[in-house]
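Values reported hereafter were calculated over all heavy atoms of this structure, with side chains retained and with hydrogens, waters and symmetry mates removed. Please read all numbers here as calculations on a predicted model, not as lab measurements.
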There are 2 protein chains.
Amino acid sequence: MLEVATLAGVSVKTVSNVVNHYVHVSTATRVRVQSALDELGYRPNLSARSLRGGQSGLIALALPELDFPYFAELARYIVQAAEAHGWTVLIDQTDGRAEREKLVMDGIRDQLIDGVIFSPLVTGARELAARRDTTPMVLLGERVHHGTMDHVGIDNVAAAQTVVAHLATLGHTRIAAIGEQRHRRGETARLRLQGYLAGLENAGLPFDPTLVMAAASYHRADGAAAMTELLALGDPPDAVFCFNDMLAIGALRTLRDRGVRVPEDVAVVGFDDIEESSYSAPGLTTIRPDKARIASTSIALLAARLDGGGGPSRDVTERFDLVVRRSTASPS
Amino acid sequence: MLEVATLAGVSVKTVSNVVNHYVHVSTATRVRVQSALDELGYRPNLSARSLRGGQSGLIALALPELDFPYFAELARYIVQAAEAHGWTVLIDQTDGRAEREKLVMDGIRDQLIDGVIFSPLVTGARELAARRDTTPMVLLGERVHHGTMDHVGIDNVAAAQTVVAHLATLGHTRIAAIGEQRHRRGETARLRLQGYLAGLENAGLPFDPTLVMAAASYHRADGAAAMTELLALGDPPDAVFCFNDMLAIGALRTLRDRGVRVPEDVAVVGFDDIEESSYSAPGLTTIRPDKARIASTSIALLAARLDGGGGPSRDVTERFDLVVRRSTASPS
DNA sequence: TTGAAAGCGCTAACAC
DNA sequence: GTGTTAGCGCTTTCAA
């Protein structure tokens, strides 16, 4: 910047003014400085600017897994929404490991980052409440108790109820669930299970605990394994509600391999509506959270915190839809 | 840091020494400083550190699309490999748009970033050669001529030849290709097409231009559309080589909808071996680039540039495998 | 409208 | 083994 100033015959302050589009600069000076800028190929140093001003234009997005289609799609929307705000998104992959999530909470790379959007998998209400780092944070996913942190999510219980109601309407009576997580602290599984139970009750269907399968993680292989176990039951289900689409795709694979017809013998429903689910065989009925809105709301909440500062934490529930495809066509 | 120094009764230099694990610090001092550090909840300021030392510990990964499974999987490996080096990865999504890729080339956020791993879609040899930004850059994907930039990829031509040879061995004679890109400047499509042609020639099969389908982009929908066109041909193919797995999955969808049997009537092969391809119906035969090695090599090359500096540009070709699944079981 | 100088938090050189 | 000091590139008072 000093070089530029010298070349243009002005002070660094004037260069700074030009670079930052300060209004009170005479046109002549501006032009002169600008050409010096171009000639020298000047590029502002973000570190210095951030050190001085406290804003870096960087926000972090902390997700469990990048190659989890739901998160990849969400990340895409968030990157787009952030770009519209002039922010760059830095991605942290936590793998759902407690120590990685703790790093996010404690503020890795503090002061470098203006805000964080965090989708916790194992971090609970206690840790959240104990957070000391003051970087604005927006929480994604299931709601957990928290103080100053904003939150964006969907109503998991209602969504799961919707699924069960749909299956019951189609005449299914033995509806299994795949995705319970006994050993995880994440709330998502618990909420969807709760919705599942409520759905059964609403439909007047009995609850059979043997139809609830746990899933160590939510990958395709877990769904395939759980479905195998369900088929081995003396009295197998006539429908399966998987707590995400990956599980459902794994389940479909098992059913196909065993020659079980979908939806005639067993109907299958997922959750997330990843793109893959409209190409599966058969196409997968699923819950579609409004990812674009989740992303834009998260960014908007963060922006509000950065501009305005305080205020009570806000909790936004975005809409979801039930997308009906061939995997739950009428069974009759 | 000054506060910490005061509390511990030492100078800032000593605090810096402790923070940076400098060896020559007496244990007593170290302990004293450490407790002051903890008490005050000290966190180093990355901006300042980067401003001073010129290294931020941040590298950028510039990819076309995050929700493209191949890139998502690759990103995951790269984030992991980078983490092992103590680097954080910042992700740029270019959408394959020329102006976004140009930004990457010009060095958005210069000086903040220690290096860039860039997977160009539309940027060609000319732009690459004209690059002025000096941030170390590793190129991913097809090789294009370049000067000082390292490159990691696989042999696309050989891989495509392998696919065609495999199909020919199984007795297929009318082998179509989906994924030509007449309007794009990217080289990938061209190289795979070249391998396809070479493969036909090696197998002594005639080349029929009507069997080569263009794809505007490499999404599932493009593959589905291209397959529809192929089926409308008077003399349709008995095998299809799709230039990526997404196209192949779209093609499978079309075939399924039309009641065409795979592989009995038409065999299908993809490219990339994304996880989804082992769960498709039927499982997809495909080329598996060694993504983990591509990632670790990229990071290693970047690390070498950052440590060592100059030297001629290196070009690493990683291995690939043909993964045979049900979509190309013997047609007889 | 423009310039001079201070200082953001940190580390490297050098002195003690 | 530890302290002093200068300076990374920038923006922001404050003066001119």
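Candidate nucleotides dA13(C), dT2(C), dC10(C) were compared by shortest atom distance to the side chain of Asn45(B), and dC10(C) ranks first. Nearest nucleotide to the side chain of Ala48(A), out of dG9(D), dT2(D), dT1(C): dG9(D). Taking the side chain of His24(B) as heavy atoms from C-beta on, and the options dC10(C), dG1(D), dT2(C), the nearest nucleotide is dG1(D). With dA13(C), dC8(D), dT1(C) as the choices, the nucleotide that has an atom nearest any side-chain atom of Arg52(B) turns out to be dC8(D). Comparing atom distances between the Lys13(B) side chain and each of dA12(C), dC10(C), dG3(C) picks out dA12(C) as nearest. The nucleotide whose nearest atom lies closest to any side-chain atom of Met1(A) is, among dC10(D), dT2(C), dG1(D), dC10(D).
Looking at heavy-atom distances under 4.0 Å, Thr29(B) makes contact with sugar-phosphate atoms alone, never a base. The residue Val19(B) sits apart from the nucleic acid: no heavy atom pair falls under 4.0 Å.
Summarising the geometry, the separation between CD on Glu3(B) and C1' on dC10(C) is reported as 15 Å, rounded to the nearest angstrom. Whole-Å rounding puts the Arg49(B) CZ to dG9(D) P distance at 18 Å. Here dT11(D) presents its P atom at 10 Å from CG of Leu46(A), a figure rounded to the nearest Å. Put simply, CG on Leu40(B) is 13 Å from P on dG9(C), counting in whole angstrom units. Atom OH in Tyr42(B) sits roughly 10 Å away from atom P in dG9(C) (whole-Å rounding). The interatomic distance linking Leu2(A) (CG) with dG3(C) (P) rounds to 13 Å, in whole Å. Between the C1' atom of dT12(D) and the CD atom of Gln55(A) lies a distance of 16 Å, rounded to the nearest Å. The interatomic distance linking Arg32(B) (CZ) with dG1(D) (C1') rounds to 12 Å, in whole Å.
In this structure, a donor-acceptor pair under 3.5 Å is present between the side chains of Thr297(A) and Glu318(A). Checking His151(A) against Glu142(A) by side-chain atom types alone, no donor-acceptor pair falls below 3.5 Å.
In this structure, Trp87(B) and His85(B) have parallel ring planes: the angle between them is below the 30° cut-off, well short of the 60° mark.
A salt bridge does not link Lys102(A) with Glu127(A): every distance from a Lys NZ or Arg NE/NH1/NH2 to an Asp or Glu carboxylate oxygen is 4.0 Å or more. A salt bridge does not link Arg305(A) to Asp114(A): none of the charged side-chain nitrogens sits closer than 4.0 Å to a carboxylate oxygen.
One finds no side-chain N or O of Ser47(B) lying less than 4.0 angstrom from the OP1 or OP2 phosphate oxygen of dC10(C). An OP1 or OP2 oxygen of dT4(D) is reached within less than 4.0 angstrom by no side-chain nitrogen or oxygen of Ser11(B). Dashed line: the shortest gap from a side-chain N or O of Ser26(A) to OP1 or OP2 of dT1(C) is not under 4.0 Å.
In terms of position along DNA chain C, the nucleotide closest to Asn17(A) lies nearer the 5' end than the nucleotide closest to the other residue of the pair Val12(A) and Asn17(A). Both Val10(B) and Leu51(B) sit near DNA chain D, but only Val10(B) has its closest nucleotide nearer the 5' end.
The cationic atom of Lys13(B) (NZ for Lys, CZ for Arg) lies less than 6.0 Å from the six-membered ring centre of Tyr22(B) and within 45° of the ring axis.
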